[in-house]
Amino acid sequence: MVVQPDTIIRSDRKTLSVSIDPLGRLTVRAPKRCSEERIFAFLQEKEAWISKHKRQREGAGARLPSENLDGFTFLLLGKEHTVSLVSGAKIGYDGENLRLFVPRESSRERLVRWLKENAKRILREVTAQTARRMGVAYKSVSISSAKTRWGSCSGDNAVRYSFRLLYAPKEVLEYVVVHELAHTKHKNHSAAFWDEVKRYEPAYKQKRKWLKDNAILMEIF
Ligand SMILES: [Zn+2]
């Protein structure tokens with residue numbers, strides 16, 4: 001197999017490196033005067049690593065929605081749900097059979113709105129409960145469409161979550177809530193901050209790993 005990079009970025013660096021983004025695009029970083037031959041020889045050496053990662057990423061990419069949402073399956077609170085397009089005006093949810101009935105008209109917009117409403121309801125509730133458990137106070141809870149972060153906590157303790165956090169299992173979502181609320185005490189990621197997180201979420205490392213491994217979910221909608 002001949003490996004073709006999608007992007008080559010040249011800079012003052014001394015060594016070659018290769019990375020694959022969540023959509024499976026291959027980026028090579030190379031020294032300014034590095035020859036094409038050297039880049040291709042380097043990619044050839046890395047072929048096994050690249051094809052393994054590409055396969056993994058392509059598997060994950062298949063989880064992204066196409067134009068037509070009918071039959072699309074995606075995680076909702078960590079459980080695989082299936083979308084069926086229907087005529088009608090309201091979204092129907094069948095929690096027992098893990099199915100979502102979405103109006104055919106503007107299906108994507110309606111589904112996103114529904115996800116945001118539910119994210120708001122659930123995250124408000126979990127944040128209030130968790131804050132009581134941790135003995136901390138926060139200013140407000142809001143929902144964003146962020147694709148690069150699951151949550152944040154501002155200087156004045158306004159907590160914000162991406163509605164996409166709703167894709168994660170409940171216990172992972174709860175970890176993000178603990179993480180953001182721990183920022184009401186520590187405005188950094190110091191050892192003291194992580195001690196606080198660990199106190200209320202002993203298995204936090206596994207949950208962080210889940211979010212990292214499933215970063216592709218950030219690309220849904
Ligand atoms: Zn943080």
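In listed order, ligands and their atoms are each counted from 1.
In summary, the side chains of K185 and N157 do not present any donor paired with an acceptor at a separation below 3.5 Å, with no hydrogens or angles considered. Donor-acceptor pairing under 3.5 Å is lacking for the side chains of H179 and Y204. When only modelled atom types and interatomic distance are considered, T184 and K139 share no side-chain donor-acceptor pair under 3.5 Å. A side-chain donor-acceptor contact under 3.5 Å links S84 and R99.
F101 and W114 are members of different hydrophobic clusters when ILVMFWY side chains are connected at heavy-atom separations under 4.5 Å.
Of all protein atoms, those that are N, O or S and lie under 2.8 Å from the Zn ion (ligand 1) total 3.
One finds no salt bridge joining E117 and K120 here, because no Lys/Arg side-chain nitrogen approaches an Asp/Glu carboxylate oxygen to under 4.0 Å.
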